[in-house]
Protein chains: 2
Amino acid sequence: MLLPMRDDEESGRVTLAQVAKKAGVSLSTVSKVLNGRQDVAAPTRHKVERLLEEHAYRRTTRSAQEAPLIELVFHELESIWAMELIRGVENVAKAHQAAVVLTESGTRQAPGPDWIEGVLQRRPLGVVLVFSALPAEVKQQLRSRAIPFVIIDPAGDPDPDVPSVGSANWSGGLAATRHLIESGHRRIGIITGPEDMLCSLARLDGYRSAMSMAGLEIDPDLILYGDFHVEGGYDGAMKLLSLPHPPTAIFSGSDLQALGALEAARVSGLRVPHDLSVVGYDDVPVARWSSPALTTVHQPLRRMAEEATQMLLHIRAQAPVTTRLELATDLVVRNSTAPPATDPPRDGPTPQPTHPATDPPRD
Amino acid sequence: MLLPMRDDEESGRVTLAQVAKKAGVSLSTVSKVLNGRQDVAAPTRHKVERLLEEHAYRRTTRSAQEAPLIELVFHELESIWAMELIRGVENVAKAHQAAVVLTESGTRQAPGPDWIEGVLQRRPLGVVLVFSALPAEVKQQLRSRAIPFVIIDPAGDPDPDVPSVGSANWSGGLAATRHLIESGHRRIGIITGPEDMLCSLARLDGYRSAMSMAGLEIDPDLILYGDFHVEGGYDGAMKLLSLPHPPTAIFSGSDLQALGALEAARVSGLRVPHDLSVVGYDDVPVARWSSPALTTVHQPLRRMAEEATQMLLHIRAQAPVTTRLELATDLVVRNSTAPPATDPPRDGPTPQPTHPATDPPRD
DNA sequence: ACACCTTTCGAAACTTTTTCGATATAACTT
DNA sequence: AAGTTATATCGAAAAAGTTTCGAAAGGTGT
């Protein structure tokens, strides 16, 4: 048991002394760089780091004995779906006798400098980042230590340089919106995720495409950004429902937000799906047990995490890998969607400022 | 940054060579014991382990440099409330620059031998176990390596030898049941957790006490064991509702089960809280957003985890600690409970086999 | 110019891990 | 029974890496 995990990497033969000789410094200096000691001048440090990277240095002696770790980084540990991701990584890690280190980075943009320091110290097999961007400097540091990384649902610009796993967000948004259109809805609101997240935008674009394909007007008033949490969904839905001409259906960028929308409907005296249809996104376990059970776009979170972790291990084993993997999403129709109770006034694109119904029609 | 974490432990001065001398074996043998090598005879191993424990041996050189880890072990990563616990441990760990290693042990009774091997290899600051028993042998191994451990909500026998953190389950069960009784309910069903879990039993006992105190009969038909998951709650509630004389209120041992009960009520045509009151347990985030919002017993999960982790670090710093900590629970009244629609037939303890209503009364 | 301080680096000391060979004991063969 | 082979146990020594400490270099103020 506890085999040294596929020893097809004889590359681990490089020793500290060898790197030191190449770099023209002493062995201790290299060790200091490795340990982030402060008494190494910046130029020296960089030179050594470069050499380290070039030689793909990895601790030799200890490697067999050292506990294999896989880092999993969330920027926040709030939502439930994090759990599914965790389980996915756990599964694969366990199969490789590795343990999972879970960290909450705090910021979405980039894990802080103290974080990277911790990672380097832990020398993990690899790092799985969820919903994150990765500044060039951090990438550099990870590469110099031969620590592979994969991003699940990257934020910010898609970086072809960074392997990532996602799901078909655009298709998901399209399918959800189409489902509503096919049910007869014409005014469809959307509460997507944060503006700076790729998946939010992709889902929104799916919505837009579905609307245009159906020849429906895209009313900017019906497009809201949320935060993926219940409260955001509640607030967004309240805003949409208090519009002069409120939507008959809401597509939410997350199940949690959809739960908020459900609550908003409740306090507004609207019955779901009779008076308002709601579609969620993610298909977290509770979606099946909300009332009414949520129609939602299933995202294979567990599998995404599994694939990401596998990818990590493949990169580490220097096997060829696809840089970008995108898994399919499915629409799961449950009880929160139905044809609208009242037909839309007409097909024309002009909004209809009829009765200033802040209180939407009941029953 | 990355200080050697409160260096009030000069005890780390014990070196391998010293232990070896005491044990009358060579340095390498001690190292082998430490690393779980197989070429050490059992008697020798035990002798060394004892000495190791006696001298509270801890790696000297590497200790400052080695990444501090805290292990968090669940037997399953299914439920949402795991998230709250994770966050609690994360918080404290982060404050001490430590990282959290998350593992799923699989079995409730005791983590497997491969698990312990991994832990020993990782040399964590300590181990937080959730819902677990800990066999004597494993305790021995952890102690010989000076790895402290704390159990959150221990299963099996309460072991005074093992520090643990829990919450006032009995009081919680009492408060929940009392609330229902005070609302006017007389026939109150309970779906508690698994039979082999202390917290399930404590909650059940709270229920029993509340019932007896109110002079109400305890009908064994109304007592069911669940698994803390939605499905179990659903099945249990269906069973209770199809009783000849069904309860007017159900106290569930977890919020998830309560969600299942809500669904059972729905498919049975019962409205909550009008026709059936439901009380949950845990107060997980979704409890606030279910429909109706769940009346539940709030368990300070996050704080429990924080306390457990703190306890760990205290033990490690050889500070005096309380072995058993129990945090308070609160009843949170929301919208899933109300007085029963129909008064109970009478106060007498004899069950009333009136109309064989497999289909419970509507409205 | 000199004393003093800070930064940077390497030699050497130290801790630990791992390899490999020595020894003892058991098992098996002739 | 004696010899041979296999296996388990242990330590000496080699190997790897970390840390301490002192030396060299460079700057600063007097």
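All of these numbers come straight from a predicted model, not from anything done at the bench. Numbered from 1 within each chain, the chains take letters A, B, ... in sequence-line order.
Set against D/dT9, C/dC9, D/dG11, the side chain of A/Val40 has C/dC9 as its closest nucleotide.
Across all strands, A/Leu34 comes closer than 4.0 Å to no nucleic acid atom at all (heavy-atom distances).
Going from atom CD of A/Gln18 over to atom C1' of D/dA15 covers 12 Å, rounded to whole Å. Atom pair B/Gln38:CD and D/dC10:P shows a separation of 13 Å (rounding to whole Å applied). The distance between atom CG of B/Asp39 and atom P of D/dA8, rounded to the nearest whole Å, is 10 Å. Note: CG (A/Leu27) to C1' (D/dA15) measures 11 Å, nearest angstrom. The CG-C1' distance, from B/Leu16 to C/dT18, rounds to 13 Å in whole Å.
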If you look only at distance, which donor and acceptor atoms sit under 3.5 Å apart when one is on a side chain in residues 160-167 of chain A and the other is two or more places apart or in another chain?
unit_1: A/Ser164; atom_1: OG; unit_2: A/Arg324; atom_2: NH1; d: 2.9
unit_1: A/Ser167; atom_1: OG; unit_2: A/Gln299; atom_2: OE1; d: 2.9

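Nearer the 5' end of DNA chain C, as judged by each residue's closest nucleotide, is the contact made by A/Ala42, out of A/Ser28 and A/Ala42.
In this structure, A/Glu78 pairs ionically with B/Arg87, as a charged nitrogen and a carboxylate oxygen lie closer than 4.0 Å. A salt bridge links A/Arg302 to A/Glu84: one of the charged nitrogens lies within less than 4.0 Å of a carboxylate oxygen.
In this model, the phosphate group of D/dG17 is approached by a side-chain N or O of A/Thr15 to a distance below 4.0 Å at OP1 or OP2. Regarding contacts with the backbone of C/dT15, every side-chain N or O of B/Tyr57 stays at 4.0 angstrom or more from both OP1 and OP2. One finds a side-chain N or O of A/Thr29 lying less than 4.0 angstrom from the OP1 or OP2 phosphate oxygen of C/dG10. Regarding contacts with the backbone of D/dT18, every side-chain N or O of A/Arg37 stays at 4.0 angstrom or more from both OP1 and OP2. Regarding contacts with the backbone of D/dT18, a side-chain N or O of A/Ser31 is found under 4.0 angstrom from either OP1 or OP2.
Under 3.5 Å, the side chain of A/Lys32 and the base of D/dG17 form no donor-acceptor pair of N or O atoms.
Here B/Trp115 pairs with nothing under the ring pair (Phe, Tyr, Trp, His ring centres under 6.0 Å) rule; sequence neighbours left out.
The closest side-chain donor-acceptor pair between B/Ser26 and B/Thr29 falls under 3.5 angstrom.
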